Amino acid sequence: MRLRHIQIGLWVMAGLAALAYGAFILRPQMNTQTHETTFRSEFFLADGAGQLRTTDEFAGKFQLVFFGFTNCPDVCPTTLSEVAQVMDDLGDAAAKVQPIFISIDPERDRRLGIDTFAHAFHPAILGLTGDAEATRAAAESFKTFFEREDATDATDGYTMSHSAALYLIGPKGDWLRQFDYGTPADAILSDLKSRF
Amino acid sequence: MKNLLPAMAFLLAAPMAQACETFTSGDISVQQAWSRASIGTGRPAVLYLEITNSGAMDDALLGLTTPAASMPMLHETTVTDGVAAMPHAASIPVPAGQTVALSPGGFHGMLMGLTDPLVEGQTFPITLTFEQAGNLDVTVDILSMRAKGAACDDAK
Ligand SMILES: [Cu+2]
């Protein structure tokens with residue numbers, strides 16, 4: 001009888017430990033997947049002309065923000081094409097949305113030219129190449145991830161890994177949601193229209 | 001600029017409608033080969049296509065060469081917990097009786113060290129090397145930077 005109680009007690013403790021561990025390892029993932037609490041995302045970054053651009057400038061507009069780099073021929077053009085499609089399909093309502101492409105490889109992208117790349121997809125897309133510190137701060141405020149990876153077989157000896165989601169920021173600067181990589185333009189468009 | 005002549009030789013003007021030819025070697029056929037236009041030569045370009053293995057033996061794509069780029073490689077885009085990376089793919093399996101796509105967000109050819117800018121509406125040649133079927137020459141259509149898929153009439 002006594003032994004059985006201890007046994008049950010041990011099982012309960014093991015169960016609680018498993019739950020706690022599960023919650024612990026799932027937590028970082030939940031941070032990037034769904035966000036229930038509101039927070040503000042900000043950037044203070046130079047544009048292609050070297051002018052400082054900040055989030056406040058776009059108050060009153062929705063911002064569609066993507067972090068990437070121009071040496072990325074697969075994921076980044078795919079997402080920027082969807083963003084371009086959204087801007088085209090918005091018609092007159094395009095004035096309510098500011099698409100922004102933040103380079104997480106700003107030094108190289110400043111040299112290669114962020115504007116020519118961003119504008120090749122859509123003239124409305126604002127490309128930003130801040131300094132390393134400001135770029136890191138912007139990424140942190142969006143709770144987005146990027147990392148440089150050395151690779152001898154890559155151009156310039158390195159490549160970047162980065163969160164591939166597209167972030168939607170509201171007119172008051174509040175983080176509203178993310179669109180996972182591969183979300184088609186139609187889905188982004190109907191989400192936006194439901195908020196106007 | 002100094003290499004303009006040899007470069008022009010392989011950048012053949014495309015016909016009015018993209019042909020989306022099928023290229024075949026043994027049991028392997030490749031169709032819907034396309035790329036996106038580039039801005040200059042400073043950034044890597046991409047290569048997408050479909051490979052069909054109509055034979056009874058598994059095959060694999062081992063690599064590619066092209067006069068369009070000095071360092072062409074096979075890559076696989078992976079998205080793990082929302083984070084995208086594109087590691088080198090040593091080979092791309094093409095199992096017997098199956099069609100495998102190199103497509104946005106998945107396997108792709110990574111064309112580093114472009115010889116010349118890729119111009120929309122033009123084409124460039126590549127040579128694919130398969131484990132079983134050997135070498136296969138394929139012509140790649142250059143589409144706009146905003147293209148999401150091959151521009152053939154029969155494309156999905
Ligand atoms: Cu790649």
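Model, not experiment: these values are computed from the prediction. Just so we're on the same page: letters track the sequence lines, and every chain starts at 1.
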(message) Between B:Met112, B:Met110, B:Lys148, who has the most heavy-atom pairs with chain A when the cutoff is under 4.5 Å?
(response) B:Lys148

(message) Using only atom types and a distance under 3.5 Å, with no angle test, would you say the side chain of A:Ser163 pairs donor to acceptor with the backbone of A:Ala165?
(response) no

(message) Please rank A:Thr78, A:Val75, A:Leu112 by heavy-atom pairs under 4.5 Å with chain B and give me the top one.
(response) A:Leu112

(message) Please classify the contact of A:Phe117 with chain B as side chain, backbone, both or neither, using a heavy-atom distance under 4.5 Å.
(response) both

(message) Looking only at the aromatic ring of each residue, does the gap between the centers of A:His162 and A:Phe145 stay below 6.0 angstrom?
(response) no

(request) Report yes or no: do A:Arg108 and A:Tyr158 form a side-chain donor-acceptor pair below 3.5 Å? (result) yes

(request) Please list all pairs passing the ring-ring contact (aromatic ring centres under 6.0 Å, His included) test where one or both residues lie in residues 38-93 of chain B, with sequence neighbours left out. (result) B:Trp34-B:Tyr48, B:His75-B:His108

(message) Using heavy-atom distances under 4.5 Å, tell me whether B:Met145 contacts chain A through its side chain, its backbone, both, or neither.
(response) both

(request) Establish, for the pair B:Arg43 and A:Phe69, whether the NZ or CZ atom is under 6.0 angstrom from the six-membered ring centre and no further than 45 degrees off its axis. (result) no

(message) Between A:Glu149 and A:Ser161, is there a side-chain donor-acceptor contact under 3.5 Å, judged purely by atom types and distance?
(response) yes

(request) Establish, yes or no, whether the cationic atom of A:Lys96 lies under 6.0 Å from the six-membered ring centre of A:Phe196 and within 45° of the ring axis. (result) yes

(message) Checking side-chain polar atoms at under 3.5 Å, does B:Thr129 have a donor or acceptor matched by the opposite partner on B:Asn135?
(response) yes

(request) Give the member of A:Gly68, A:Gly182, A:Cys72, A:Pro77 that has the highest number of heavy-atom pairs under 4.5 Å with chain B. (result) A:Pro77

(request) Go through the atoms of A:Phe121 and report whether side chain, backbone, both or neither lie under 4.5 Å from a heavy atom of chain B. (result) both

(message) I need the residue from B:Ala37, B:Gly40, B:Ala85, B:Gly105 with the largest number of non-hydrogen atom pairs under 4.5 Å to chain A.
(response) B:Gly105

(request) Answer yes or no: is there an ion pair linking A:Arg111 with A:Glu107, defined by an N-O contact shorter than 4.0 Å? (result) no

(message) Quick check: under 4.5 Å, non-hydrogen atoms only, which of residues 81-93 of chain A neighbour chain B?
(response) A:Ser81, A:Glu82, A:Ala84, A:Gln85, A:Asp88

(message) Any donor-acceptor pair under 3.5 Å linking the side-chain atoms of A:Asp74 with those of B:Thr77?
(response) yes

(request) Measure B:Ser38 against the heavy atoms of chain A and call it side chain, backbone, both or neither at under 4.5 Å. (result) neither

